[in-house]
Amino acid sequence: MDPALRKIPRHLLQLRGMDAGAIRAMLARAAWFDEQGPTADLLARKTVATLFLEASTRTRTSFQLAATRLGAHVVDLSGPGLSTSKGETLADTARTIEAMGVDVIVFRAGESGAPHLIAEAVGCGVLNAGDGRHEHPTQGLLDALALARARSLTETFDFRGLDYVIVGDIASSRVARSDVAVMTALGARVTLVGPAAIAPAGLTSLGATVERDFDAAIERADAVQMLRVQFERHGGRGVVSKREYRAGYALTAERARRMKPGAVVMHPGPMNRGLEIDDAVADGAAGLPRSIVLDQVSCGLPVRMAAIECAAGLSAAGEMG
Ligand code: CP
């Protein structure tokens, strides 16, 4: 057995610190699911619960579809009406869900670290679907799979020589943290670009370079991942002016035309069209670089199939060639 397979954690809580071999093994498994399509018997008789305490379109839906494609039963516990509103702790909520026979809890919360608390409270698998400003590990993995597909690197997931540029509200972004972890583990050089208020220099501690000049960074990028400006996490403090932000950091058609041949445009969604990215760029209009925004969404399914399989306690080892 590939020793890297032993290092895939059952709970997928964060990518930072995860073994590069384990990341590649998970991505290889996702690529296998991508080719294979639905495998409706792998998780028959297993139950996956989605518990989202923050809004989601892509992540919640694709976790549910991924579980269904594996043959699992899915229960969605998201939205208002949970007994947490009566003072129940998250740990008690998680233990209660597990006591009903749930095998995997997929959890999104506004508080950084909340999935770790749940993982300590239960014996079933826990998957972090995004926690506060901390991490969004399956988003990082799906971004890596989408980039590997775009660059024909799904055999090796070796990103050495690639320049990955993340632009925007890095401080608020759990996607940025997971992306830095996965892209650097695979060998890419990662640059974080934005104004100091939302891309502070201290972010170099993540293992990336921080730059202010988007116009310089864009010319060497192999992939540009645009982030949404998360005004709702700024506490109404007016951290950035929309006019100044657009002038310095929007991916306009004019900027996109300066990207290298073969470079791709990415965005984890949801997008603020007309603010951080223009319609023509997001949609990959003729004459502009290829947009893989919807490929990123599609890659969420196989990545989440691989994550659910591990969290259910089913090693991918027996299935991988
Ligand atoms: N990218 C992402 O997490 O999107 P959702 O908030 O729609 O799940």
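Along the sequence shown, residues are numbered consecutively beginning with 1. All ligand and atom numbering here is 1-based and tracks the order in the structure. Bear in mind that the values here come from a model prediction, so they are computed numbers and not experimental data.
- The shell of residues lying under 4.0 angstrom from ligand 1, judged by heavy atoms, excludes Glu54.
- Per-residue contacts place Thr59 under 4.0 angstrom from the following atoms of ligand 1 (heavy atoms of the residue considered): 2 (C), 3 (O), 4 (O), 5 (P), 8 (O).
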Determine whether Asp163 and Asp222 satisfy the following criterion, side-chain contact (heavy atoms from CB on, under 4.5 Å), listing intermediate values before the conclusion.
CA-CA 5 Å; Asp163 254 299; Asp222 295 290; 3.6 Å; yes
Could you go through the side-chain contact (heavy atoms from CB on, under 4.5 Å) check for Thr252 and Arg246 one step at a time?
CA-CA 9 Å; Thr252 59; Arg246 260 196 77 73; 3.7 Å; yes
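- Environment of CD in Glu232: crowded, with over 12 heavy atoms of neighbouring residues, nucleotides or ligands closer than 6.0 Å.
- Under the 4.0 angstrom criterion for non-hydrogen atoms, Gly130 is not in contact with ligand 1.
- Between Arg29 and Glu309 a salt bridge is recorded (basic side-chain N to carboxylate O distance below 4.0 Å).
- Between His234 and Phe231, the ring planes lie perpendicular to each other; the angle is over 60°, past the 30° to 60° tilted range.
- Considering backbone and side-chain N/O atoms, Gly269 comes within less than 3.5 Å of an N/O atom of ligand 1.
- Looking at ligand 1, you'll find an N or O of Arg58 within less than 3.5 Å of one of its N or O atoms.
- Close contacts between ligand 1 and Pro268 involve ligand atoms 1 (N) [criterion: under 4.0 Å to a heavy atom].
- Nearest protein heavy-atom contact of atom 6 (O) of ligand 1 is Arg108 NH1, 3.0 Å.
- Taking every heavy atom of both residues into account, Ala119 and Val126 meet most closely at CA-CG2, 3.8 Å.
- Atoms of ligand 1 found under 4.0 Å from any heavy atom of Thr57, numbered from 1 in the order shown, are 5 (P), 7 (O), 8 (O).
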